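Below is one structure, written out as structure tokens; comments come after it.
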Amino acid sequence: MNQQEYTSPVVQMTDVSKIFGTNEHRTAAVRNVSLRASCGELVLLLGPSGSGKTTLLTLAAGLVKPTSGTVSLFGKDVESHAPGELQRLRALRIGFVFQNFHLIDSLKVIENVALVLRFAGKRRAQAKGIARTLLEKFHVGHLASKFPSTLSQGEKQRVAVARAIANGAELIIADEPTASLETKQGFDIIRLLHDYAKKQNRCVIIASHDLRIVEFSDRVLRLRDGMLTSAEDSYVKTLTTP
Amino acid sequence: MDLYSIRILRSQPLRLALTVGGIALCIILMLFLLSVYRGVADGSVEYIRQNQTDLWVLQRNATNILRGSSVLFTAHGQSIRNTAGVKSVSPVLLLLSGVKKGDQVATVFLTGYDPAAGAGGPPAVIQGRSVLSDHEIVLDEAFAAKFNFKLGDRVEIQDDTLRVVGISTKTNAFVTQYAFVTLNRAQSLIGFPNIVTCYLVTSEQGTDNSKLAARIRDKLPGVEVYDQQTFLNNNIREMQAGFLPFIYTVAAIGVIVLTAILSLLLSINILERRKDFAIMKTLGSPGSFLPRLIVQQALLIASAGIIVGLIFFFPMVELIQEISPEVSTKTSLEQIALMSMVVGAMSLISSVISMQRLRRIYTLEVFS
């Protein structure tokens, strides 16, 4: 696959800056970043802690609005989305994977996955059915009635990925998805995300400082002090084997 | 109902039990007050309600017998009797009096009436009979139970000794209870043989009672005449004026405590589940989802509180009446429905109060 095959961008940022705080407490988390991420590609935001990766992810998901510049999600400027519209986008078209999994401890595994399906408007029984199928596909079906606290780290992250893609999200936002995992578990998760991008033709944006992910990425955007240190298209990697 | 609401509550069983217990206690308190109010309301005016007379004649400016004084002379009775359209006139003398049994002294609302006149006596006698002679007395059942009076016992009032010949019901006015003696005995106790409190007038068939009242007023300028319903309403109003402010105050405190307990629990739950709520917001929970969780929790707790409250309420009332028979209560389905609605409304208010915390939960909190 090469860049020309990518379709219209899912996320497009143009000269985006995000400043937190006011007056002397102003901190520029992201400065003048432009990027685009399309269906079928896995984009890695690579950089050390504090480089602005997470802020860039939250901008890409429409969770925060830029101080300057424009962020376009699914072809529409986030500024022009009503709050309810962004919520619906997150429920229907965006999936999230977190470093600490962020499964809801008081819900069973299957209920965690079914929850996002309920957010998307599915009926309870239908949501549970889809969730069960997904969990089985991810080889954690036998854990469906367990509570997350009884799962291993790798199992938790598999469930989290299942939750992220349950609604067929067109955009997956993954924040340090391998940071809490052992090497093999980390690879497994990245493969799942990579497969999702390629086989389902979805867009996956991962923020990480884990260099192991580079080989799975179509593009790597290096960040330092809130700025891209490599131009968007300067690091294009064609993936031959996952 | 979302599973998550139930799971949140179940995750802290002790806290849930304490909260439900607190709410149940508030419900018991409020329901008890309502029941006492209804019991007192009925007990206070049942004497008037049951004495189905056509007109009540009192001293001018006296509107009721519960918290007003009226003094009329026996001569007034004769004038009323001679008024056209009057069938019968029953004099009644009401006075608060101490009753002694051994070392115990209690106050009764002593009602002197003329047994021969047919009205003014106890609304219902459940044991024994009404008084026939000046040395007899009929006591209220709650009063008799509290002081362990039985038929045939001797009662000391001032320097007289009277024999208990009957036990009446519907004569418990909570703060005091009615007791019935002959008019002569009551007059001799007060020391004025020509004094009565009021007259109960029965009109002849076909008489226009409003015209009869006007004729009595014209004849006796110092008196006021009320028809049965007006007089009953006057007394109900008077009873409410004396009792309702107290009921309202305690009930309001109960409602505030209930709302505070519930708001506190819901707020703590929100704070403890802050991360979960932030995750849900990030994952795209609809705007109504988290508020609905809070409302569901509030309603679950309130419902549990109502059920537990009702389970314990009736045995508790029985126990209280065992200990204090003069506490007259009357519980109805309407009261329970009213209480449930109040608790439901308070639980909704509590959820709205607690919901403010949801606004300060941000999606960014879930990112490392």
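Note that the structure is predicted; figures quoted are calculated from it, not measured. Lettering follows sequence order; numbering is per chain, from 1.
Both the sub-6.0 Å distance and the 45° axial angle are not jointly satisfied by A:Lys76 relative to the ring of A:Phe74.
Taking non-hydrogen atoms and a 4.5 Å limit, the residue list of residues 274-287 of chain B in contact with chain A, ordered by number, reads B:Lys275, B:Asp276, B:Ile279, B:Met280, B:Lys281, B:Thr282, B:Leu283, B:Gly284, B:Ser285, B:Pro286, B:Gly287.
Residue A:Phe147 touches chain B through its side chain alone, counting heavy-atom pairs closer than 4.5 Å. For A:Leu86, no part lies under 4.5 angstrom from a heavy atom of chain B. Looking at A:Arg88, there are no atoms closer than 4.5 Å to chain B (heavy atoms on both sides), in backbone or side chain.
Remark: A:Arg212 CZ is packed, more than 12 non-hydrogen atoms of other residues, nucleotides or ligands lying under 6.0 Å away.
A side-chain donor-acceptor contact under 3.5 Å links B:Gln321 and B:Thr329. B:Gln177 and B:Asn172 share a donor-acceptor pair across their side chains, judged by distance under 3.5 Å alone. Checked by atom type, the side-chain pair A:Thr70/A:Asp77 shows no donor-acceptor distance below 3.5 Å.
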(request) Just do the side chain to side chain donor-acceptor pair (under 3.5 Å) check on B:Arg273 and A:Ser106 with the steps written out, would you? (result) CA-CA 10 Å; B:Arg273 304 284 161 168; A:Ser106 19; 2.8 Å; yes
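A donor-acceptor pair is defined here as one N or O able to donate and one able to accept, closer than 3.5 Å; no such pair exists between the side chain of B:Lys330 and the backbone of B:Arg38.
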